[in-house]
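Okay, so here's the structure we're looking at.
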Amino acid sequence: MLDKRFIRENPQAVKDAVAVKGLDLDVDELLQLDQDNRKLQFEVDEAQARRKSFAKQFAKADEARRAELRVEHEAFDRQLKDLREQLARTGARLSELMLLTPNIPWSGAPVGPDEAANVVLRTVGTLPEFDFTPLDHTELAEKRGWAEFARARKVAGERAYALVGDLVMLERAVHSYALDLLRTREFTPVAVPALVREEPLIGTGMLPKAREEIYAIPEDDLYLAGTAEVALVGLHAGEILDAARLPIRYAGISPCFRREIGSASRDVRGLLRVHQFEKVEQFVLCVADEAESARWHAELLATAERILTDLGLCYEVVECATGDMGVGKFRMNDINTWFPSLGRFRETHSCSTLHDWQARRANLRYRDSDGAIRFAHTLNNTAVATPRLLAALLENFQTADGAVRIPEVLRPYLGGRELI
RNA sequence: GGUGGAGUCGCCUAGUGGCCGAGGGCGCACGCCUCGAAAGCGUGUGAGGGGGCAACCCCUCCGUGGGUUCAAAUCCCACCUCCACCGCCA
């Protein structure tokens, strides 16, 4: 969400953002509504003030005068009620549009309608070479009895999977390693609810835009969150934090649920695109200073790169284009990891600065040292998301006889094993 | 799932229809006092929106949303959260 005043004063900047992000939002309608709404608000305020003074007169009046007043009130009350209803209508429509206002992307973002416009910033690591025909992760996992697909799909339908045996242990190792690394960087681990209310989904910007992507449990008015970010922002929604508490750094862990409606029948095989997965998420909440949040963005990105480097995976860092970054993003860098079976890089991490867009929605503020109350900046990036990352490990580190070499940093979590 | 109780300004609390956007205490800030401090005394101390060049003024918010009323923190309804007990349960 944007500041209404900002929209009023910079309508063209908002229109440009709508255009480069490929959105459908009538900014002029929004401006008109805002104006109408303020006018109505003014009228209601005035009428309300009169009503108050009426009520005071009434309290002091005798019975005869009260009867008169009651008659005088009648028309006035109807008028006030009518004004209130109008205000409620324009207010509701205005909020609706406000929730659709995009963040203004940072000036360095490539302009383009979709990911084709993304720019690769750097490629790190060396591509694996095989002196045998490597298997894809699905074949390898099945061969080694590390995953159940057919049986899992009996239980949970398409895209379901069950990890088995050493792959389970590998998953836990990856998560433990990531959490330990983040703890050394003063990120507090938080195991958050995945089952959430509508409110934090609106607060983070997942709703109303991505409704079809989210599992709903209407019976209980709950949803399954697609990322720990939802709960992490939600934890502090509506608060006014003391600036001394910032930056808040969390390592969120949670199961994540995505309907993958927009990708129906894509990547249906294997572990690359699933409805339920496990993620360790880096999250930062800091003061509203672009230099400060830019530093955190760099750090979140660096940590993700450190993880991939530690694991020995080859990856590329991408500057995401305006049309790819999503409504609420200020800046987004994806990290794509090499998958031998695909012969290309595939997204494993996504680093985002939301500027104060998310904090405005979630009404998440802090009191600065100068006493001013400001909306915070929020940022997030994947640390590790499995099983997609497991698939990368299997494919990149497989041996001719179907074993998998374990990256050194994971060995302590696997009883020192070098191979599985 | 059931029964009972509760949710007021950072914290504790007063307030059962108009004198309440709201009193008191704590905390905090400033001032006086003091060589300095403590104590004491005094003053101030929530958020959002709007109007005005400004001084300043108005409106909204007492968990949330509705309702009753000329008038709601106060009455009614629904929901949320917390506490206690019963039932069930990983």
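The sequence lines fix the lettering, A, B, ..., with proteins before strands; numbering per chain opens at 1. Not measured: the values here are computed from a predicted model.
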Measuring only the [atom1] atom in each nucleotide, how far is [N] from [M]? A whole number of Å is fine.
{"N": "rU74(B)", "M": "rU8(B)", "atom1": "C1'", "value": "11 Å"}
{"N": "rG46(B)", "M": "rG21(B)", "atom1": "C1'", "value": "10 Å"}
{"N": "rG67(B)", "M": "rC88(B)", "atom1": "C1'", "value": "37 Å"}
{"N": "rC9(B)", "M": "rG5(B)", "atom1": "P", "value": "23 Å"}
{"N": "rA14(B)", "M": "rC26(B)", "atom1": "C1'", "value": "15 Å"}
{"N": "rG63(B)", "M": "rC12(B)", "atom1": "P", "value": "14 Å"}
{"N": "rG51(B)", "M": "rA37(B)", "atom1": "P", "value": "46 Å"}
{"N": "rU43(B)", "M": "rC79(B)", "atom1": "P", "value": "47 Å"}

[X] [atom1] to [N] [atom2], straight-line distance once rounded to whole Å:
{"X": "F54(A)", "N": "rA72(B)", "atom1": "CZ", "atom2": "C1'", "answer": "19 Å"}
{"X": "E239(A)", "N": "rA47(B)", "atom1": "CD", "atom2": "P", "answer": "16 Å"}
{"X": "E199(A)", "N": "rC79(B)", "atom1": "CD", "atom2": "P", "answer": "18 Å"}
{"X": "M98(A)", "N": "rG49(B)", "atom1": "CE", "atom2": "C1'", "answer": "13 Å"}
{"X": "D221(A)", "N": "rC79(B)", "atom1": "CG", "atom2": "P", "answer": "12 Å"}
{"X": "L94(A)", "N": "rG49(B)", "atom1": "CG", "atom2": "C1'", "answer": "12 Å"}
{"X": "R374(A)", "N": "rA47(B)", "atom1": "CZ", "atom2": "P", "answer": "14 Å"}
{"X": "R78(A)", "N": "rC70(B)", "atom1": "CZ", "atom2": "P", "answer": "13 Å"}

Phosphate contact ([N] OP1 or OP2) by [X] side-chain N/O below 4.0 Å:
{"X": "R365(A)", "N": "rG48(B)", "answer": "yes"}
{"X": "R70(A)", "N": "rA71(B)", "answer": "no"}
{"X": "R197(A)", "N": "rU81(B)", "answer": "yes"}

Categorize R65(A) for me: base, sugar-phosphate, or nothing, with a 4.0 angstrom heavy-atom threshold over every strand shown. nothing
Go ahead and name the base partner of [N]; Watson-Crick or wobble counts if both distances stay under 3.5 Å, otherwise write none.
{"N": "rG46(B)", "value": "rC61(B)"}
{"N": "rC53(B)", "value": "none"}
{"N": "rC75(B)", "value": "rG67(B)"}
{"N": "rC85(B)", "value": "rG2(B)"}
{"N": "rG17(B)", "value": "none"}
{"N": "rG7(B)", "value": "rC80(B)"}
{"N": "rG40(B)", "value": "rC32(B)"}

Any side-chain heavy-atom pair of E213(A) and E260(A) under 4.5 Å: yes
Which salt bridge (Lys or Arg N to Asp or Glu O under 4.0 Å) pairs, counting each pair once, include a residue from residues 89-111 of chain A, with sequence neighbours left out? E29(A)-R93(A), R93(A)-E96(A)
Among pairs that include at least one residue of residues 401-420 of chain A, which meet salt bridge (Lys or Arg N to Asp or Glu O under 4.0 Å), considering only residues two or more places apart or in two chains? D166(A)-R417(A)
side-chain contact (heavy atoms from CB on, under 4.5 Å), that's the test. Do V317(A) and L301(A) meet it? Break it down for me. CA-CA 9 Å; V317(A) 179; L301(A) 193 56; 4.1 Å; yes
Looking at every heavy atom in both T322(A) and V111(A), which two are closest together, and how far apart are they? OG1-CA, 3.5 Å
Side-chain H-bond candidate by donor/acceptor type, E395(A) with S341(A), under 3.5 Å: yes
Does any pair with a residue in residues 139-150 of chain A pass side chain to side chain donor-acceptor pair (under 3.5 Å), and if so which ones, sequence neighbours excluded? E148(A)-R151(A)
Which residues satisfy the ring pair (Phe, Tyr, Trp, His ring centres under 6.0 Å) test with H236(A), sequence neighbours excluded? Y250(A)
Suppose the criterion is ring-ring contact (aromatic ring centres under 6.0 Å, His included): which pairs have a residue in residues 346-367 of chain A, not counting sequence neighbours? F330(A)-H355(A), H355(A)-H377(A)
Quick check: on RNA chain B, is the nucleotide nearest R66(A) upstream (toward 5') of the one nearest F58(A), or the reverse? Name the residue that is more 5'. R66(A)
Every protein N/O lying under 3.5 Å from an N/O of nucleotides 50-60 of chain B:
residue: rG50(B); atom: OP1; partner: R8(A); partner atom: NH2; Å: 3.3
residue: rC59(B); atom: O2'; partner: D45(A); partner atom: OD1; Å: 2.7
residue: rU60(B); atom: OP1; partner: Q48(A); partner atom: NE2; Å: 2.6
residue: rU60(B); atom: OP2; partner: K52(A); partner atom: NZ; Å: 2.9

